[in-house]
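First comes the structure, then the notes that go with it.
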Protein chains: 2
Amino acid sequence: MPRKPAALATSSASPTPSNGATLMNVAQAASVSLATASRVFSNPELVRQDTAERVLRAAGELGFRPNLLGAKLRAQRTRIVGVMLPTLENAVFAECWRGIEEAALAQGYSLMLVTSRYDPARERERIEYLLRHRVDGMVLTVADAARSAVLDQLDAERVPYVLAYNQGTRRGKHYWVSVDNRVSARAGVETLIAAGHRRIAVVSGAFAASDRAKQRYAGYQDAMRAHGLEPLPPLSLPAHTPTHTPEEAEHIRRLVTAPRGSTALFCTNDMLAIGVISILKRLGLSVPGDISVLGYDGIELGQLLEPPLSTVVQPNNEIGARALACLLARLNAAGADAAPDRGPPRATLLPHAIRAGATVGPPA
Amino acid sequence: MPRKPAALATSSASPTPSNGATLMNVAQAASVSLATASRVFSNPELVRQDTAERVLRAAGELGFRPNLLGAKLRAQRTRIVGVMLPTLENAVFAECWRGIEEAALAQGYSLMLVTSRYDPARERERIEYLLRHRVDGMVLTVADAARSAVLDQLDAERVPYVLAYNQGTRRGKHYWVSVDNRVSARAGVETLIAAGHRRIAVVSGAFAASDRAKQRYAGYQDAMRAHGLEPLPPLSLPAHTPTHTPEEAEHIRRLVTAPRGSTALFCTNDMLAIGVISILKRLGLSVPGDISVLGYDGIELGQLLEPPLSTVVQPNNEIGARALACLLARLNAAGADAAPDRGPPRATLLPHAIRAGATVGPPA
DNA sequence: GTGAAAGCGCTAACAA
DNA sequence: TTGTTAGCGCTTTCAC
């Protein structure tokens, strides 16, 4: 009967830890060729109903589980998307991940996540790692999209990628999904001005670690100038440490108590804002009674606090989901034909919102 | 139907999006056999110094990047570890992920992350997905380790896994890394008792979604009984919603204002504690002036708040790192020989700590 | 030390 | 509709 020279009667033991059955085993059990068995899973419409059923039944009985490795190697595409985010410990990115995972799941794509810690050296290393896995493309947030070594590398190697949060700078150079950082920051600061504040300061993470922070600062300057107010230089705090240092507290104290100290602080991200509010409280100041604080990001945690954080809201889930969708659109467009005009738009600008919260009030 | 020489045209340009060079190309450029070239990367000690250098140089010039897919398929092991966590939006798991990623990076292992959302159906689906990728093993946190369908499946298929946070229940059944939930919770509640509280209530997420919550509640009962106090039934709040519902607020109000209402609340996780504190404040109550609140988890965020959250601290980074290390130890032990006594211990109990914070004070 | 050869599990021409 | 046949890029005996 076995007119196959097949030397693959090895199925007694359990080769792979998970499960032994290969497509070949299934094909034999269903008395069809390997090709037909394959088609049942990848192109069911090419195979007759009852044949397909026989194969499926055999697969079920054998506990067959497709080995994606073989498929990927052969197909020269992995259907894996690499994701690089600065950290997950800032809820912004955790929320974004959720959007990405949801979208990938819906589209049958797999994900590989790495974190860069805002560290360019680590960015390079982690990207290399994703490349070795032959991801089809990437979704990433880099420190500074305009001067990023990894982005240059990716461009040189023609790896498709889409930026999340990084707002494209040079015209038409990158694909990106973001809110308008500058405009939205301006809108946020204008709520401060509308509340009566005139002396408004900015607290930010390191500009080098975040082009968004720079853009948001520019938005602050826009708002101030548009209202005839003088922008102040930003207070740059090092990456949010788990706990406050005395120096940080001292900086904040000076900012708000100097003669003519600021009455409102615009923090370029929510985690920072939460930390700043705590520092202010420890200094014996009330928020918003003595000082108003406005955040940026719109993480859900902000609403859990009391008073709830006033902040500029980005749609974090959606940023992730859209970035992934954009990438898949690129991948598909490239597959169909190489027409340069096909594929998704390079820029996806999502709307921001202002969440009123209760950490902003009139100046003391 | 168009013919297919187009494929050749594209492949001449750029075979793989990333890079074209295969190990075979490198071997030819270095005038060695494929086998030798391979050895340079996997078993350098088997090849002569100068040969190796030639190969390395050729690889550099060609911009060779090993295709892990080929290696994995051939070697029948992927060096990928699957990670399943309930969510990353709870900082506990984000911190744990950090530990896992660090440890994996150090050991040259890759990771594939999925989230289960505390949903058993989704757990199954996501596990299947990891299995298709032929991960060598898994690190996971399941809703309830004692009655988990996915764990049974994994056992049946002999896939090595290590639980993080889930504390092993049946003797010797699972491998796990955790603090002692019951003992640590008891210790936490005893700080409440030491502060003078007698009427202490528990606020928890759904027990069905977390065996940890159940164990921590048991610890609470232990503490109460040991001090001659009457344990109260837990107040179970649905999964932490982004914002508070009126019902939640009403439940909390009743808990603390009924005749002889509780003076302290033990929340079985930090996010819950943060939410509960906000609710109390909105009810016009002061923490810890009117009501004391104790959390559990020790997320870093807790220290950023004012007052800083009093909580039972788990070493989240280390739980992740240890879980991964334990898994790799299992994988290696299995590789060496199948001696049943080899390999890491099944249980890894990590020490907890109490972070005093400032949300616990004497009863009003 | 090095090379030749045989696949790992799967997909996709092409043929029947 | 189904089968045959080549590999995808790599590791790994086994000879030399």
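Labels below follow one simple rule: chain letters A, B, ... track the order of the sequence lines, proteins then strands, and each chain is numbered from 1. Values below: every heavy atom of this structure, side chains too, minus hydrogens, waters and symmetry copies.
- Look at CG on Leu69(A): it is 12 Å from P on dT11(C), rounded to the nearest Å.
- Relative ring orientation between His174(A) and Tyr161(A) is described as tilted, the plane-to-plane angle lying within the 30° to 60° band.
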Go through the steps to decide whether Arg132(A) and Glu128(A) satisfy the test salt bridge (charged side-chain N to carboxylate O under 4.0 Å, His left out), and finish with yes or no. CA-CA 6 Å; Arg132(A) 276 164 144 70; Glu128(A) 176 63 25; 2.7 Å; yes
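- The distance from atom CG of Asn25(B) to atom P of dC8(D) is 11 Å, rounded to the nearest whole Å.
- Side-chain atoms of Thr78(A) do not come within 3.5 Å of backbone N or O of Lys72(A) as any donor-acceptor pair.
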Where do N or O atoms of nucleotides 12-16 of chain D meet protein N or O atoms at under 3.5 Å, pair by pair?
{"residue": "dT12(D)", "atom": "O4'", "partner": "Arg74(B)", "partner atom": "NH2", "Å": "3.2"}

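- Residue Gln49(A) places no side-chain N or O under 4.0 Å from the OP1 or OP2 atom of dT1(D).
- Residue Met24(B) contributes atom CE, which lies 11 Å from atom P of dA5(C) at whole-angstrom precision.
- The side chain of Gln76(A) places no N or O atom within less than 4.0 Å of a non-bridging phosphate oxygen (OP1 or OP2) of dT11(C).
- Leu68(A) comes within 4.0 angstrom of nothing in the nucleic acid, heavy atoms only.
- A straight line from CZ of Arg79(A) to P of dC10(C) spans 16 Å, rounded to a whole angstrom.
- Between Arg117(A) and Glu101(B), none of the side-chain N atoms (NZ, or NE/NH1/NH2) sits under 4.0 Å from a carboxylate O, so this pair counts as no salt bridge.
- Remark: side-chain polar atoms of Asn332(A) are paired, donor with acceptor, to backbone N or O of Leu328(A) under 3.5 angstrom.
- In the set dC8(D), dG3(C), dT2(D), the nucleotide with an atom closest to the side chain of Leu73(A) is dC8(D).
- Atoms CG (Leu46(A)) and C1' (dT2(D)) sit 10 Å apart, rounded to a whole Å.
- The main-chain N or O of Ala143(B) is found under 3.5 Å from a side-chain atom of Glu123(B) such that the two form a donor-acceptor pair.
- Here the C1' atom of nucleotide dT2(C) and the CD atom of Glu45(B) are 15 Å apart, to the nearest Å.
- A donor-acceptor pair is defined here as one N or O able to donate and one able to accept, closer than 3.5 Å; such a pair exists between the side chain of Asp119(B) and the backbone of Ala121(B).
- Between Arg134(B) and Ile80(B), every side-chain heavy-atom pair lies at or beyond the 4.5 Å cut-off.
- Atom CZ in Arg132(A) sits about 11 Å away from atom P in dC10(D), given to the nearest Å.
- If one axis is set at each end of the helix from dG1(C)-dC16(D) to dA16(C)-dT1(D) from five pairs, those axes are 30° apart, to 10°.
- At dG9(C), none of the side-chain N or O atoms of Thr22(A) fall inside 4.0 Å of OP1 or OP2 (strictly under the cut-off).
- Residue Arg134(B) contributes atom CZ, which lies 8 Å from atom P of dG9(C) at whole-angstrom precision.
- Listed candidates were dT2(D), dT2(C), dC10(C). Nearest to the side chain of Leu23(A) is dC10(C).
- The backbone N or O of Thr115(A) sits less than 3.5 Å from a side-chain atom of Arg122(A), completing a donor-acceptor pair.
- Within the 4.5 Å cutoff, the side chain of Met138(A) has heavy atoms near those of the Ile127(A) side chain.
- For Ser33(B), the side-chain atoms get nearest to dA4(C) when compared with the rest of dC10(C), dT4(D), dA4(C).
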